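Working notes, beginning with the structure itself.
In this text, all values refer to a predicted model and were calculated from it rather than measured experimentally. Note on naming: letters A, B, ... go to the chains in the order of the sequence lines (proteins, then strands), and numbering restarts at 1 for each one.
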Number of protein chains: 2
Amino acid sequence: MGTTQLESVPEPKYWHLRTVLSEALDSEFAVGQVLPNERDLAARFGVARATLRQALEQLELEGRLQRRRGVGTTVAPPRVGVAVGSAELGWPGAPGDAWQAEESDRATAPAAVAELLGIAKDEPVHIVRRTRVTGGQPVAADLVHIPASSVPDLTAIDAPAGPARARAVLRELRRTEFEGQDRSVELGSARADDARALDRLPGAPVLVVTTRYFGAGGTAAVSLATYRADTCRLTFGADGVEIHHTPERQAS
Amino acid sequence: MGTTQLESVPEPKYWHLRTVLSEALDSEFAVGQVLPNERDLAARFGVARATLRQALEQLELEGRLQRRRGVGTTVAPPRVGVAVGSAELGWPGAPGDAWQAEESDRATAPAAVAELLGIAKDEPVHIVRRTRVTGGQPVAADLVHIPASSVPDLTAIDAPAGPARARAVLRELRRTEFEGQDRSVELGSARADDARALDRLPGAPVLVVTTRYFGAGGTAAVSLATYRADTCRLTFGADGVEIHHTPERQAS
DNA sequence: CAGTGGTCTAGACCACTTG
DNA sequence: AAGTGGTCTAGACCACTGT
């Protein structure tokens with residue numbers, strides 16, 4: 001309703017296109033439906049394919065679209081609410097914590113993690129790789145870093161490589177008294193290994209959740225979890241309450 | 001250490017460029033330093049400017065770079081830790097809550113917010129606009145949605161438009177007993193108004209924090225806060241502990 | 001004004017999935 | 001093999017910032 005023409009400050013084409021497509025998605029498309037291919041869409045809107053792609057990228061970032069090479073572009077379902085708060089209080093690997101331990105290795109922690117742990121940057125740590133699956137889809141991958149100093153008996157672990165050993169390491173960590181935790185969330189981009197685990201391309205946007213676990217008078221472990229930003233909404237329920245709905249758009 | 005050549009699955013140029021630039025930033029650049037301009041950098045690496053820009057975009061998304069039109073590209077400082085957890089328990093607008101109320105209006109809430117509030121989608125609500133500043137820089141903008149039904153006396157408020165009225169509305173909300181809250185974090189892109197408030201371009205990546213405030217037996221208010229994803233790290237301190245360092249990179 | 005990043009184009013080729 | 005999205009190019013022009 002109104003004159004959308006004659007903009008004193010004309011908005012970029014790709015941004016306008018994003019808006020038009022977004023409205024079309026709301027009114028004319030169902031979840032899972034495939035869109036026309038990029039070349040057709042670009043022609044239909046009279047723009048170059050690169051410009052059309054810029055609009056699609058925005059919508060994918062907002063979780064509205066899903067694109068797969070060789071397949072096409074489909075309308076994405078609402079984002080999945082993933083509990084990161086109350087459901088995970090306690091040591092990593094506690095029973096029923098939604099994560100699946102995959103593998104464990106000994107290596108030197110990255111400098112940033114070493115600093116969080118308060119250890120020398122060349123001190124070896126145990127690294128447990130875990131994945132988190134919701135609704136059949138992988139939503140997150142993480143690495144739990146445990147300094148050898150905080151779980152001395154750990155050196156005795158010699159379970160066969162694979163999930164068994166990973167679980168054993170976490171079980172050993174739980175012998176220490178749990179004294180609290182601490183979290184931060186920031187935007188990042190998936191590295192090659194994370195991208196593979198999350199079924200995305202390198203550079204895909206992810207939400208990086210850094211958790212510090214306190215015990216035995218210091219930082220006993222640090223977990224770096226990377227969640228798919230396109231499909232996930234991280235929920236922090238202060239009262240065990242869950243958010244039901246997807247706030248898909250802010251105020252106009 | 002080893003033969004980095006002969007990749008069976010060659011990584012994209014822009015991704016390799018990102019890595020090279022990232023390492024250069026670590027070793028050869030100081031925070032605030034300006035990089036050569038995009039045309040020079042592209043020529044130096046023997047790629048098209050668009051490809052170079054793709055690499056810069058990644059690094060900006062990761063908070064490593066800051067680009068300003070007409071000025072140049074500079075090395076960004078580490079992300080600012082912004083407390084979103086314990087420091088904000090209680091009603092919005094409680095004394096010393098880091099937010100600054102700017103304005104208040106009566107309008108109909110967006111459909112998604114109406115659903116969170118459990119009201120009809122055409123029922124008018126009070127919308128309080130707030131901003132959050134840290135270290136002299138705007139880091140977040142939000143809109144607090146308060147249904148008229150949850151604060152009946154609110155209709156009597158007739159303070160002069162502006163911060164005074166906004167504060168008055170929040171003060172009125174605090175008369176209700178506070179029964180808890182609930183949060184979720186997801187990735188979004190800044191709309192025109194948010195972009196302006198955050199000193200960014202439309203479409204800039206933001207972290208959208210949706211908070212439900214419970215009181216009087218239901219959802220008394222919903223806040224939609226958008227944080228600059230490039231400069232912010234949201235912290236949730238379970239024990240009042242603050243995360244000091246920037247986890248700039250995950251395990252290799 | 002000159003110099004910067006932001007937008008846009010038209011085309012090419014590649015990697016991947018599916019029939 | 002055909003069709004899809006992903007990458008890359010070389011160039012143009014625009015919007016904004018400083019001097």
Side-chain angles (χ1 to χ4, degrees), chain A residues 7-19 21 32-61 64-76 189-190 192 195-196 199-205 230, chain B residues 7-19 21 32-61 64-76 189-190 192 195-196 199-205 230:
Chain A
E7 297 265 3
S8 62
V9 178
E11 59 186 358
K13 268 188 192 177
Y14 79 91
W15 186 254
H16 180 245
L17 205 53
R18 184 209 75 103
T19 307
L21 286 170
Q33 192 171 350
V34 310
L35 268 62
N37 72 56
E38 296 181 349
R39 292 164 178 85
D40 284 355
L41 277 178
R44 182 175 315 186
F45 287 105
V47 300
R49 190 177 155 220
T51 305
L52 184 271
R53 277 180 60 82
Q54 229 178 321
L56 294 184
E57 266 152 36
Q58 285 285 340
L59 291 168
E60 192 179 29
L61 201 79
R64 308 284 312 273
L65 292 179
Q66 200 163 338
R67 300 193 284 174
R68 276 178 306 172
R69 169 155 52 177
V71 179
T73 302
T74 59
V75 181
S189 51
R196 216 175 313 112
D199 192 24
R200 298 260 65 195
L201 293 173
D230 55 343
Chain B
E7 296 265 3
S8 61
V9 179
E11 60 186 356
K13 268 188 192 177
Y14 78 91
W15 186 253
H16 180 244
L17 244 185
R18 185 208 75 103
T19 307
L21 286 170
Q33 192 171 349
V34 310
L35 269 61
N37 73 56
E38 297 181 347
R39 291 162 179 86
D40 283 355
L41 277 178
R44 182 174 315 187
F45 287 104
V47 299
R49 190 179 154 218
T51 305
L52 184 269
R53 276 180 62 80
Q54 228 178 322
L56 294 184
E57 266 152 37
Q58 285 286 340
L59 291 168
E60 192 180 28
L61 201 79
R64 308 283 313 270
L65 293 179
Q66 200 164 337
R67 300 193 285 173
R68 275 178 308 172
R69 170 155 54 177
V71 178
T73 303
T74 58
V75 181
S189 51
R196 216 175 312 113
D199 192 24
R200 300 260 64 195
L201 294 173
D230 55 343

Would you tabulate the pairs of protein nitrogen or oxygen atoms and nucleotide nitrogen or oxygen atoms of nucleotides 7-10 of chain D closer than 3.5 angstrom?
residue: dT7(D); atom: OP1; partner: Y14(B); partner atom: OH; Å: 3.1
residue: dC8(D); atom: OP1; partner: K13(B); partner atom: N; Å: 2.2
residue: dC8(D); atom: OP2; partner: Y14(B); partner atom: N; Å: 3.2
residue: dT9(D); atom: OP1; partner: K13(B); partner atom: NZ; Å: 2.9
residue: dT9(D); atom: OP2; partner: A48(B); partner atom: N; Å: 2.8
residue: dT9(D); atom: OP2; partner: T51(B); partner atom: OG1; Å: 2.5

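By the side-chain contact (heavy atoms from CB on, under 4.5 Å) test, Q58(B) is found to be paired with S189(A), Y14(B), W15(B), R18(B), E62(B), residues two or more places apart in sequence or in another chain being considered. Applying the salt bridge (charged side-chain N to carboxylate O under 4.0 Å, His left out) criterion to R49(B), with sequence neighbours excluded, gives E38(B). In terms of the side-chain contact (heavy atoms from CB on, under 4.5 Å) criterion, residue partners of R68(B) (sequence neighbours excluded) are, by chain and number, V71(B). Scanning for side-chain contact (heavy atoms from CB on, under 4.5 Å) contacts around A195(A) gives A190(A), P202(A), with sequence neighbours left out. Every residue two or more places apart in sequence or in another chain that forms a side-chain contact (heavy atoms from CB on, under 4.5 Å) with L61(A) is listed here: P205(A), L187(B).
Protein atom CZ of R200(A) is 15 Å distant from nucleotide atom P of dC16(C), rounded to whole Å. Between the P atom of dG6(C) and the CD atom of Q66(B) lies a distance of 12 Å, rounded to the nearest Å. Rounded to whole Å, the distance from CG on L41(A) to P on dT4(D) is 11 Å. The distance between atom CG of L65(B) and atom P of dG6(C), rounded to the nearest whole Å, is 11 Å. Taking atom CG on D199(B) and atom P on dC16(D), their separation rounds to 13 Å, with Å as the unit. Remark: P of dG6(D) and CG of L17(B) are 20 Å apart, rounded to the nearest angstrom. Rounding to whole angstrom units, CD of residue E60(B) and P of dG5(C) are separated by 11 Å. A straight line from CG of N37(B) to P of dG18(D) spans 16 Å, rounded to a whole angstrom.
Contact annotation: R67(B) reaches the phosphate of dG6(C) (side-chain N/O to OP1 or OP2, under 4.0 Å). Between T73(B) and dT4(C) there is no side-chain N or O to OP1 or OP2 distance below 4.0 Å.
Separation of atoms CG (L59(B)) and CG (L17(B)) is listed at 9.5 Å; rounding is to 0.5 Å.
With DNA chain C read from its 5' end, the first of the two nearest nucleotides for L56(B) and R68(A) is the one closest to L56(B).
Across every non-hydrogen atom of L21(A) and A55(A), the tightest pair is CD1-CB, 4.3 Å.
Counting atom types as modelled, R39(B) pairs no side-chain N or O with a base atom of dG3(C) as donor and acceptor under 3.5 Å.
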